[in-house]
Amino acid sequence: MTKKPSDMPEIEQRWRAEWERSGIYRFDPTRGRAETFVVDTPPPTVSGSLHIGHVFSYTHTDLMARYRRMQGDNIFYPMGWDDNGLPTERRVQNVFNVRCDPSLPYDAALDLEFGREGETLTVSRRNFIELCDRVVTEDEQGFKDLWQRLGLSIDWSQTYATVDERSRYVSQLSFLRLVEKGEAELREAPTMWDVDFQSAVAQAEVEDREKDGAFYKIRFDVQGGEDVLIATTRPELLPACIALVAHPDDTRYSSLIGGKAVTPLFRAPVPIIADEGADPEKGTGILMVCTFGDAADVEWWRQLKVPAREVIDRGGRIIPAPWGEGHWDSQDPEDAKKYHDKLAGLSISQARKEIVELLGDAGAIVGEPEKVRRPVKFYEKGERPLEFVVSRQWFVKVLDKKQELIDQGRKIQWHPDMFRGRYENWVEGLNQDWCVSRQRYFGVPIPIWYAISEDGGIDYDRLILPAKEQLPVDPYAEAPPGYTEDQRGKAGGFVGDADVFDTWATSSLTPLIPTGWPDEPAKLEGLYPTDLRPQGHEIIRTWAFTTITRAYLEDGSVPWWHVAISGWVLDPDRKKMSKSKGNVVLPTDTLDEYGSDSVRYWSASARLGSDAATDPNTFKEGKRLITKIRNAARLVLGFEGPGGPPTHPTDQALMARLRTLVQEVTNEWEAWDHAGALEATESWFWGDFCDNYLELVKTRAYNQDPSALGTLRTALDVVLRLFAPFVPFITEEVWSTMDKDGSIHLAKWPTTEELGTTEDTGAFDVAVTLLAQIRKVKSEAKVSIKTPVDRLVIKATAADLVLFESMADDLLATANAVVHETETVKGDAAPEAYVELGAPEVKV
RNA sequence: GGGCGGUUAGCUCAGCUGGUAGAGCGUUCGGUUUACACCCGAAAGGUCGGCGGUUCGAAACCGUCACCGCCCACCA
């Protein structure tokens, strides 16, 4: 070992290679479930950037894996890559400057460069997917490098990707089983829709954003009456109005209920109905129901049982002839068409401006618009508000099993426990079934065909399912059983579902993908349910929820017994990091600057569930600890001579205290508190061991006292093992210079039994108390710590004096005291030292 | 609007089942001590967010309020 810490990069590099070569993190398939610890590792989105947050949370997982490994468990610690879905598509679009057009034919010769400039190219679906594969391969390597550099004890022979054959197989097979059980079904219904990505989205991917808007008061005529004012923030939906709603107890409007109003401009008669859902306090208390402004509109539309008047197309523009040319439900169809033509083709925001003007000209807007700030639903990755669009989508039924899903959550231990509440809160608030189909390209295809009837129409009630042996299948490219490819799209033939699964539909199966489900029952039984799901709290509603749901629907199981939640990494100003704020810390930079063990130290010092700031001080603290470990080891291992059992009281006391530490640290681990374990270990190591014990024992150690040498070596051995999960590189490095077989990471976790049975008599406390007093006198006298003490008087209780005498040799040597006297005091006073110093040293 | 966290030394945080406040960093003072100056020793610094209550005793338990953060909620 060299003295300078600057060789840590070399040490890290060397052990990283050695661990990979020796395969110490390999899973052993011959051992049983009881002694196996299975991690359901989060597959990172490979198209996302490497983020310091990754380092933080993945370290948390590795800490527990390393602890369990040292406890003797056979660790199943696989790695998955989440490469399917929108993030990859987006990245491909940017990297190659392309868009996918599924109608184009495949171009086998297409060869694009990374960072291609110039005009945006449209490519076929298959070309697009090939580009996705290229990007993904590149990105995965970046993550693997980072993980290995960080020292994650992953078994790299257990890897998967969410678009690979195995994942597609599992995803499709599991889905087909849901279809057969009736738990997944195709529905044509208004669904939340992102007009930019042109895909349906699920409730879990939706977030509210506060947006400015304006309330417009619009005058509707009432048949056989005066008129009525409604308030709306979405006047552009007026042509889609199908009813007005007021609260049944709202006396202002009770006379109107059951009658009809007539929309301005379009002159469409619409019923006026009463419903508890209308809030008399909001707006004017009466509102228009449109197809579709929001989820409430969907609800009322269902109650009314009238056809939808859709006016917004899938790209977010006003449809030219919303309910069929010449079919205007209007008292004045010509006017209606005239007005609508002015809106047709406009985007939502353009249409809003236009219609406000038209309504204004027609005198149908009353007063000034009232500015309001209200929550608007967005796709979490989207930029424009979601619309409700009628489309055909696959849903997994969850609304009918909320209680069961909550009960499943209660069979799982959440760390920290408060996040169980988060989960239950989400399940209780579910108001839509889980929409799993997405109108995207790069993902797991929905393995379904639909029959085409003899008249040429697609019969969505006649599903054609693939044979299990056919999976994974791409129904867009392959023909279903009993058909041939030339029947595609023909009367009497079939059409393949062109959609892919939502990324969570596959990610929800990560406990099943690497564990042999369902064709290797022996393997599965040895690995499932898994032990640990680590994840962030922001994806409880997606990943945790969908995983629990899929496991429950599949066989009633829970997917794991523990969920460990990591917090977020904040910048030093306690702000959440984001690219737009420009405060993202790159993990490679941090690793370059501080080294892997230091960065791990920082991660480990944060408790599960709590956020952490990227604090340079904590990184430095880690670096200091690593240096301290090396130096202490250098001292201990530098002593020559045979070691023996602890016979000296100081040594016995140290062993007793170490035993207490081992118990405490083990308890912390068992309570899933790695930060507590680290803190206890570090505090013992730095305080008891380095500052006090090493000083007290030095003289005897230099004199080759076997009790001292044996104790020093045992203590180092044990404390290294306690540190090993946190700082695997430096502990392995030191371990390798000791007389030990194999890696420290396969060594047994320390037990109290291996540390004998000597009691902590209190001698150590007495010594430390007295030593502190002597040091204080010297410090106040501003002399060197090694200044001789001429006369030392110890005043203590009789019991403490016995303890003092037992280790007086160590204490006097450390204090450099030559004469000592003792004085017995009554009661339970702490021992006191009276110190007379020799002549101050003369400074040269 | 509903739910959940947090509020302890200048900063970042720990304080388990209630017994007169802790760590690291920072600050100040001192120390070349043959493991380590990425070190060692010492010191200063807090009415534990406010107000009530339970208790012999509350940072900890109960109630309430305030502020910060997060999650959720049909947005007319």
Side-chain angles (χ1 to χ4, degrees), chain A residues 1 3-6 207-211 213 215-216 230-234 237 244-245 277-279 282-290 293-300 372-377 385-386 416 418-426 428-431 537-538 540-541 567-568 570 572 574 576 605-607 609-613 615-618 620-621 623-639 667-668 671 673 675-676 679 682-683 686-687 690-691 694-695 698 702 771-772 774-787 814 816 841:
Chain A
M1 261 186 298
K3 183 174 168 182
K4 287 192 178 167
S6 57
E207 64 184 27
D208 286 354
R209 295 184 199 159
E210 288 282 323
K211 289 289 172 186
F215 256 138
Y216 298 89
I230 62 102
T232 181
T233 56
R234 301 207 53 187
L237 290 176
L244 299 188
V245 187
D279 182 353
K282 269 191 186 167
T284 58
I286 185 163
L287 64 117
M288 65 172 184
V289 177
C290 304
D294 58 28
D297 282 347
V298 174
E299 208 37 58
W300 280 312
V372 287
R373 206 169 162 75
R374 81 278 187 234
V376 180
K377 287 205 181 305
L386 290 173
M418 55 170 277
F419 286 108
R420 179 205 315 278
R422 202 55 95 67
Y423 168 75
E424 292 185 4
N425 199 219
W426 167 255
E428 281 159 6
L430 282 172
N431 56 32
H537 46 75
E538 77 281 11
I540 288 175
R541 68 175 184 170
W568 280 336
L570 310 172
R574 314 295 301 164
K576 199 187 168 191
S605 62
R607 289 175 155 70
S610 58
D611 299 340
D615 179 7
N617 277 335
T618 313
K620 287 182 197 156
E621 226 176 283
K623 215 169 174 179
R624 290 193 317 128
L625 174 65
I626 290 150
T627 308
K628 193 74 173 176
I629 291 172
R630 308 183 83 183
N631 285 320
R634 199 150 69 95
L635 175 69
V636 172
L637 299 177
F639 292 122
N667 290 346
E668 299 282 19
D673 187 357
E679 197 182 352
E682 189 183 8
S683 147
W686 210 293
C690 291
D691 290 345
L694 289 185
E695 295 305 324
K698 253 180 202 171
Y702 278 118
L771 190 57
I774 296 164
R775 282 167 171 170
K776 185 171 179 176
V777 170
K778 291 183 179 179
S779 180
E780 281 170 354
K782 303 192 175 185
V783 297
S784 157
I785 209 85
K786 69 177 185 187
T787 304
T814 307
N816 195 14
E841 287 172 282

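Residue numbers start from 1 in every chain, and the chains themselves are labelled A, B, ... in the order their sequence lines are given, proteins ahead of strands. The structure displayed is predicted, hence computed values, not measured ones.
With both pairing distances under 3.5 Å, B/C75 is matched to nothing as a Watson-Crick or G-U wobble pair. When Watson-Crick and G-U wobble pairs are counted only if both distances are under 3.5 Å, B/C29 pairs with B/G41. When both pairing distances are held under 3.5 Å, B/C48 makes no Watson-Crick or G-U pair with any nucleotide shown. Pair assignment for B/G57: none, as no Watson-Crick or G-U wobble contacts are both less than 3.5 Å. Base pairing of B/C16 is not made with any nucleotide, judged by Watson-Crick or G-U wobble geometry with both donor-acceptor distances under 3.5 Å. The nucleotide B/G24 finds its pairing partner in B/C11, both defining distances of the Watson-Crick or G-U wobble pair being shorter than 3.5 Å. Of all nucleotides present, none satisfies the Watson-Crick or G-U wobble test against B/U34 with each distance under 3.5 Å. Within the shown strands, B/G6 is the pairing partner of B/C67 under the Watson-Crick or G-U definition, both distances less than 3.5 Å.
A/Ala632 comes within 4.0 angstrom of a base, heavy atoms only. Note on A/Ile626: nothing from the nucleic acid sits closer than 4.0 angstrom, heavy atoms only. Among the protein residues, A/Lys620 comes within range of no part of the nucleic acid, since none of its heavy atoms lies under 4.0 Å from any strand. Within 4.0 Å (heavy atoms only), A/Ala278 reaches at least one base atom of the nucleic acid.
Taking atom C1' in both B/G5 and B/C13, one finds a spacing of 16 Å when rounded to whole Å. With both ends at atom C1', the span from B/G10 to B/C4 equals 30 Å, rounded to whole Å.
Between A/His537 and A/Phe419, the two ring planes are parallel [angle under 30°; tilted spans 30° to 60°].
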Base-contact (B) and sugar-phosphate-only (S) positions in nucleotides 40-45 of chain B, heavy-atom cut-off under 4.0 Å, - elsewhere
SBSS--
Assign a letter to each nucleotide of nucleotides 70-75 of chain B from its 5' end: B, base within under 4.0 Å of a protein heavy atom; S, sugar-phosphate only; -, no contact.
BBSBBB
Output, in order, the C-alpha distance, side-chain angles, deciding distance and verdict of side chain to side chain contact (heavy atoms under 4.5 Å, CB included) for A/Ile230 and A/Leu244.
CA-CA 8 Å; A/Ile230 62 102; A/Leu244 299 188; 3.9 Å; yes
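Partners of A/Arg209 under the side chain to side chain contact (heavy atoms under 4.5 Å, CB included) rule, at least two apart in sequence or in another chain, are A/Glu207, A/Lys211, A/Phe378.
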